[in-house]
Number of protein chains: 2
Amino acid sequence: MKTRRKPELQVVGTSPRASAPNQRRRQSEILDAAAKVFAQRGYYGASTQDIADILGIKQASLYYYFPSKEIALERVCLKGVEGFFEAASEVAAKKITASEKVRGLVEAHLAPLLDRADFVKTFLNERQYLPPVSRKKVGKLSRAYEKVIEKVVMEGIASGEFRKGLDPRLMTLALLGMCKSVAAWIGKENPYKVPEVAEQYARILLAGIGKAGR
Amino acid sequence: MKTRRKPELQVVGTSPRASAPNQRRRQSEILDAAAKVFAQRGYYGASTQDIADILGIKQASLYYYFPSKEIALERVCLKGVEGFFEAASEVAAKKITASEKVRGLVEAHLAPLLDRADFVKTFLNERQYLPPVSRKKVGKLSRAYEKVIEKVVMEGIASGEFRKGLDPRLMTLALLGMCKSVAAWIGKENPYKVPEVAEQYARILLAGIGKAGR
DNA sequence: CAATCTATCTATTGATCTATAGAATCCGGC
DNA sequence: GCCGGATTCTATAGATCAATAGATAGATTG
């Protein structure tokens, strides 16, 4: 979202200005550093000093950019979860079979690991440490996301494409669990790349490991 | 400061054994409390004070039972992973089909959640914060465990029971990922019970979500 | 009863961490 | 070349935390 906002009617004299782009870029650098540290050492294991070290500034200077460590975590988590819902909704809205949707959902879930790994990891592993208010915000987004997946599964069952005894919620949790764990080991003495994993995981979900696989 | 060695010669045969059972029971209570706190708040989020509070003793008193917080984490993690290897090996050694073995592996992995949930959770989520030496010990056990799973998958492929293109390592990671996530939500506003989840998850792995399911 | 052992306590140290206050510096536009 | 806001710094308060040292109460033993 980058709509450059025009000054509302009464911004009185002073012009809101050219520094805005720089400001925004720096903000994002700060958040990148926070995400990196949170993802690597966990929220409580990470100190604001660690974040400052990455940026080459003093620890106290960080507080120019966020009012508390908890808020920094909230922002990182929000950036980690944002996009999941939209991407999934897009897949779910397509005119394709439920199987193809499941495949798309897996791909969409793993894709952000390519360009926002630290944010996603932090969202997945550290959101539990958010203060209640923040947790609610983040929880709202992730629950909406899960509902999209569940609905795809239910449709698949209703249409007869998926097995009848399947529990949609449990199935969703299985999908999320498989994908979540990928964040933990991808790019770590592993030869695997994201698209390959998405392909194989989607296939396991759809056909199992048996020979039936299409 | 640890007594690297016992008094050389004079260990004196007389056994003051009577206290041993109580001693051991207390040790285990201490570890239970540590596991509970580590599982709930994470290693860095948990203070030794929190552990002491559960037990109703003073924080400093804990150090009668373990020499450092890190060692407490090591012990909890070891208790969390121990048994996995044996249980899996047992399943793998049976004279049953590879499919039945996979089902048994899932059940064996989820079973400890019934009676050692806090230890297993801590092992799964906090082992990354172990100091290098401890991490190596724990890593050794868990890698051996993973190898057992991988081997079962490879056998299934070799025997033609499983699909040929399957990557055994990736398949193992998928199984572990699915099961790991269960620890995070089981018994939390969920109607699901462990055996039910094991049943469904094994089925998803074996037959996928398609109608093919046995 | 005396000696020893076990388990816990009190008291404290030093390190580390988040956050605040206010001063200094940088930089673009005039 | 100076002004004003943007950005970073210094210094420090205040809290918490892991860990150590030494004392002590209660049980066990001899």
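Naming: A, B, ... by sequence-line order, numbering from 1 per chain.
Protein atom OH of A:Y64 is 13 Å distant from nucleotide atom C1' of C:dT25, rounded to whole Å. Rounding to whole angstrom units, CZ of residue B:R25 and C1' of C:dA7 are separated by 14 Å. D:dT28 atom C1' lies 13 Å from atom CD of B:Q23, rounded to whole Å. Protein atom CD of B:Q27 is 13 Å distant from nucleotide atom P of C:dT6, rounded to whole Å. Atom NZ of B:K69 and atom C1' of D:dT16 are 11 Å apart (whole Å). The distance from atom CD1 of A:I30 to atom P of D:dA6 is 16 Å, rounded to the nearest whole Å.
Using a 30° and 60° split on the angle between ring planes, B:Y129 and B:Y44 fall in the perpendicular class, above 60°.
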* Asked: Could you go step by step and tell me if A:R135 and A:Q128 meet the side-chain contact (heavy atoms from CB on, under 4.5 Å) rule?
  -> CA-CA 7 Å; A:R135 183 134 31 97; A:Q128 55 183 318; 5.7 Å; no

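Partners of B:E107 by salt bridge (charged side-chain N to carboxylate O under 4.0 Å, His left out), not counting sequence neighbours: none found. Checked against salt bridge (charged side-chain N to carboxylate O under 4.0 Å, His left out), B:D167 has no partners two or more places apart in sequence or in another chain.
Within 4.0 Å of A:Y65, counting heavy atoms only, lie sugar-phosphate atoms of the nucleic acid but no base atom.
Residues of residues 54-63 of chain A having a heavy atom closer than 4.0 Å to DNA chain C, listed by number: A:Q59, A:A60, A:Y63. Listed in residue order, the members of residues 31-53 of chain A having a heavy atom less than 4.0 Å from DNA chain D come to none.
Phosphate proximity of C:dT8 to B:R26: present, with a side-chain N or O under 4.0 Å from OP1 or OP2.
Note that the CD1 atom of A:I57 and the CD1 atom of A:I51 stand 9.5 Å from one another [nearest 0.5 Å].
Here B:E199 pairs with B:R203 in a salt bridge; the nearest charged N to carboxylate O distance falls below 4.0 Å.
The stretch residues 70-81 of chain A participates, sequence neighbours left out, in these side chain to side chain donor-acceptor pair (under 3.5 Å) pairs: A:E74-A:S134, A:E74-A:K137. Residue pairs meeting the side chain to side chain donor-acceptor pair (under 3.5 Å) criterion with at least one member in residues 177-186 of chain B: none, sequence neighbours excluded.
Using a 3.5 Å distance cut-off with no hydrogens or angles, the side chains of B:Q59 and B:T48 do pair a donor with an acceptor.
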